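Only one structure is covered here, and it is reproduced in the block below.
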Amino acid sequence: GKMKTSESLKHFAPALRKAQSEMEAVKKDQSNPFFKSKYANIESIIDCVTPILNKNYLSFSQHPVSTERGVGVTTILMHDSGEWIQESYTLPIASPKPQEGTAAITYARRYGLQSICGLRAYDDDDGERAMGR
């Protein structure tokens, strides 16, 4: 989807830059299980990024979305100043089975959060499954 932002990112931008540099430091620390595996579940991503975002006056919120094209998530990253960026990510789903929708939303949450924080996303089976491959 198209990224939307608050009018100004004057406070948001430096806070995100600082948070990202701290996430990079965590990434280089091999003791962090999140960065060791190719596959990181949504809980481990949240556990990793939330304290770093919060320390830098940033927080996030995610909401499931569904369109005629498929299902996904809107992720909004907010700064205490009220500035924000928002992005939606939807996946086409092969069938209307609830478990496929759930897998797609879980994948979209993970991908959306990694993407908006500027973390490199990893390939995994969930996404392939969600897209019916």
Side-chain angles (χ1 to χ4, degrees):
K2 193 166 152 350
M3 181 174 274
K4 297 177 183 156
T5 72
S6 54
E7 216 169 295
S8 163
L9 294 174
K10 180 174 80 167
H11 303 286
F12 178 96
L16 182 60
R17 179 192 50 73
K18 199 167 169 298
Q20 283 175 336
S21 70
E22 290 172 34
M23 286 174 202
E24 276 304 310
V26 169
K27 216 171 183 170
K28 290 190 178 88
D29 170 12
Q30 286 310 296
S31 67
N32 188 308
F34 163 64
F35 293 112
K36 254 201 218 135
S37 70
K38 187 169 143 85
Y39 170 86
N41 65 24
I42 185 65
E43 292 79 13
S44 62
I45 294 165
I46 290 170
D47 288 349
C48 170
V49 302
T50 304
I52 297 172
L53 291 174
N54 291 171
K55 204 172 97 184
N56 290 288
Y57 310 102
L58 295 162
S59 58
F60 73 91
S61 177
Q62 292 187 304
H63 313 279
V65 290
S66 68
T67 67
E68 59 290 341
R69 288 178 350 130
V71 298
V73 164
T74 294
T75 304
I76 182 164
L77 196 52
M78 299 160 283
H79 185 262
D80 283 3
S81 63
E83 296 171 353
W84 54 272
I85 62 173
Q86 175 186 305
E87 192 161 31
S88 295
Y89 179 68
T90 55
L91 290 159
I93 50 172
S95 81
K97 290 194 211 106
Q99 65 271 27
E100 292 213 5
T102 305
I105 286 171
T106 302
Y107 178 78
R109 281 187 70 197
R110 199 165 71 232
Y111 181 86
L113 185 56
Q114 282 178 300
S115 171
I116 212 160
C117 289
L119 287 167
R120 196 163 57 82
Y122 299 91
D123 300 326
D124 59 79
D125 302 335
D126 240 17
E128 295 293 306
R129 246 203 324 280
M131 290 182 264
R133 293 205 180 118

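Predicted model only: the values in this text are computed from it and were never measured.
- For the pair Glu83 (side chain) and His11 (backbone), a donor-acceptor distance under 3.5 Å is present.
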**Request:** Give the C-alpha distance, both sets of side-chain angles, the deciding distance and a yes or no for side chain to side chain contact (heavy atoms under 4.5 Å, CB included) between Phe60 and Thr50.
**Result:** CA-CA 8 Å; Phe60 73 91; Thr50 304; 3.5 Å; yes
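- With sequence neighbours left out, Asp47 forms a side chain to side chain contact (heavy atoms under 4.5 Å, CB included) with no residue at all.
- In this structure the side chain of Lys55 never reaches within 4.5 angstrom of the side chain of Leu53, judged on heavy atoms.
- Rounded to the nearest 0.5 angstrom, Leu58 CG and Phe12 CZ are separated by 5.5 Å.
- Remark: His63 engages Ser61 in a side-chain hydrogen bond (donor to acceptor under 3.5 Å, both in side chains) (not counting sequence neighbours).
- Looking only at side-chain heavy atoms (C-beta outward), Pro64 and Val71 stay at 4.5 Å or farther from each other.
- Residues Leu9 and Leu16 share a single hydrophobic cluster, defined by chaining ILVMFWY side chains whose heavy atoms lie under 4.5 Å apart.
- Distance CD/Gln20 to SG/Cys117: 7.5 Å, rounded to 0.5 Å.
- The OG atom of Ser21 lies 7.5 Å from the CG atom of Asn56; values are rounded to the nearest 0.5 Å.
- By the 4.5 Å heavy-atom criterion applied to side chains, Tyr107 and Tyr89 are counted as neighbours.
- Val49 is not connected to Tyr57 by any chain of hydrophobic side-chain contacts under 4.5 Å among Ile, Leu, Val, Met, Phe, Trp and Tyr, and they are in different clusters.
- For Glu87 and Lys4, the salt-bridge test fails: no basic side-chain N is under 4.0 Å from an acidic carboxylate O.
- Scanning all heavy atoms of the two residues, the minimum distance from Gly72 to Ala108 falls at CA-CB, 3.9 Å.
- Remark: Glu22 CD to Cys48 SG distance equals 11.0 Å, nearest 0.5 Å.
- Under a hydrophobic clustering in which Ile, Leu, Val, Met, Phe, Trp and Tyr are joined whenever their side-chain heavy atoms come within less than 4.5 Å, directly or via other members, Ile46 and Leu77 fall into the same cluster.
- By the criterion of side-chain heavy atoms lying less than 4.5 angstrom apart, applied directly or through intervening Ile, Leu, Val, Met, Phe, Trp or Tyr residues, Met23 is not grouped with Met78; the two fall into different hydrophobic clusters.
- In this structure, CD in Glu68 is found 9.0 Å from OG1 in Thr90, a value given to the nearest 0.5 Å.
- Residues satisfying the side-chain hydrogen bond (donor to acceptor under 3.5 Å, both in side chains) test with Ser81, not counting sequence neighbours, are His79.
- Tracing side-chain contacts under 4.5 Å through hydrophobic residues (I, L, V, M, F, W, Y), one reaches Ile52 starting from Ile42; they form part of the same cluster.
- The line from OG1 of Thr5 to CD of Gln86 is 10.0 Å long, rounded to the nearest 0.5 Å.
- The side-chain contact (heavy atoms from CB on, under 4.5 Å) test with Gln62 singles out one residue from Ile105, Ile76, Ile116, Thr75, and that residue is Thr75.
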